[in-house]
Protein chains: 2
Amino acid sequence: MRRDVFQAIADPTRRAIISLIAVNAMTPNAIADHFEATRQAVSKHLRILSECDLVTQEQKGREIYYSLQIEKMKEIDQWLAQYRKIWETRFNQLDQVLEQLKKTNPQK
Amino acid sequence: MRRDVFQAIADPTRRAIISLIAVNAMTPNAIADHFEATRQAVSKHLRILSECDLVTQEQKGREIYYSLQIEKMKEIDQWLAQYRKIWETRFNQLDQVLEQLKKTNPQK
DNA sequence: TATAAGTGCAACTATTTGGTTTCACAAGTT
DNA sequence: AACTTGTGAAACCAAATAGTTGCACTTATA
């Protein structure tokens, strides 16, 4: 059973859950109320998110509050960083091209 | 058949392919040589990557060169941006806490 | 023209996935 | 003590997925 961040965010429902609990911690029931999904389906998604440490839980009485582990999101950011470097480089190169065009072809 | 960027990057083999062709365009055979995967398996991954516009192809004679559509990667970056805002805010808040600690408890 | 190389695609298979239904259990409430 | 609420987990199911095998087509080469 593969369980990494990329697999976790692949599902749109899970991304929606992530978005929901990003600001405030929420209980499974409260989360389920925001979707057409059943409580049990949400529970399974939460388990998957837990297994890759994207969410943490805190028990309060008989309720369990789930909250986003924002640190884990940085992992995606780190993976993306190498590609960001590429598109920034390309942007700069394009910038140079435009600059060059300006010089060789000044205001008509 | 769901076909979006998040689902595409969920598979580790596809992330490896993305990484491979990020710098230089490559043919399916050349890509397959870098894995244990068969040429056909790579071909299927390339199709999936094509379907969500993560890669583009260019035919040269009987060879087809696949290259990464770096613009599409920005989509992930944009999705991540909202969470980046969160962790940067939290970082700043932590920063303020540390600053406050410094003031109330100056160099021992 | 015959052959080889590079490729996509369809059919098939085993595994994984997302979801539902049902049950169990713990924490409050009556 | 009996009931309700909030939850996780197991069993089951349909659909999707990753991979293999085999075939077809196109482009180059002998």
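Proteins get letters first, then strands, A, B, ... in listed order; numbering begins at 1 in each.
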J.: Distance check needed: C:dA27 P versus A:Ile64 CD1, whole Å only.
T.: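 My rounded result for the distance is 10 Å.
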J.: Provide, to the nearest angstrom, the distance between the CD atom belonging to A:Gln40 and the C1' atom belonging to C:dC25.
T.: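 Rounding to the nearest Å, CD of A:Gln40 and C1' of C:dC25 are 14 Å apart.
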J.: Indicate, yes or no, whether a donor-acceptor pair under 3.5 Å links the base of D:dG8 to the side chain of A:Lys44.
T.: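 Under the 3.5 Å cut-off, the side chain and the base do not form any donor-acceptor pair.
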J.: I need the full list of ring pair (Phe, Tyr, Trp, His ring centres under 6.0 Å) pairs touching residues 68-90 of chain B, with sequence neighbours left out, sorted by first then second residue.
T.: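 Only B:Phe6-B:Trp79, B:Trp79-B:Tyr83 qualify under ring pair (Phe, Tyr, Trp, His ring centres under 6.0 Å).
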J.: Taking NZ, NE, NH1 and NH2 as the nitrogens, is one of them in A:Lys60 or A:Glu63 under 4.0 Å from a carboxylate oxygen of the other?
T.: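 No, no charged N to carboxylate O under 4.0 Å.
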J.: In residues 16-35 of chain A, what residues come within less than 4.0 Å of DNA chain C, judged by heavy atoms?
T.: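 Under 4.0 Å from DNA chain C: no residue of residues 16-35 of chain A.
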J.: Looking only at non-hydrogen atoms, find the nearest pair between A:Gln7 and B:Ala10 and report the distance.
T.: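 A:Gln7 and B:Ala10 have their closest heavy atoms at CA-CB, 4.1 Å.
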J.: Rounded to the nearest Å, what distance is computed from the CZ atom of residue A:Arg62 to the C1' atom of nucleotide C:dG28?
T.: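 Checked: the CZ to C1' distance equals 4 Å.
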J.: How long is the line joining NE2 of B:His45 and P of D:dT20, in whole Å?
T.: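 Distance check: B:His45 NE2 to D:dT20 P gives 9 Å.
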J.: Using whole Å, report how far CD1 of A:Ile48 lies from P of C:dT17.
T.: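 Roughly 7 Å, once rounded to whole Å.
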J.: Under 4.0 Å between any heavy atoms, over every strand shown, what does A:Arg39 touch: base, sugar-phosphate, or nothing? Just pick one.
T.: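 Result for A:Arg39 = base.
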J.: Are A:Asp77 and A:Arg84 close enough for a salt bridge, meaning some N to O gap below 4.0 Å?
T.: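 A salt bridge is present here (some side-chain N lies under 4.0 Å from a carboxylate O).
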J.: Can you pull out how bent the helix from C:dT1-D:dA30 to C:dT30-D:dA1 is, comparing the axes over its first five and last five pairs, to 10°?
T.: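 Between the first-five-pair axis and the last-five-pair axis there is 10°.
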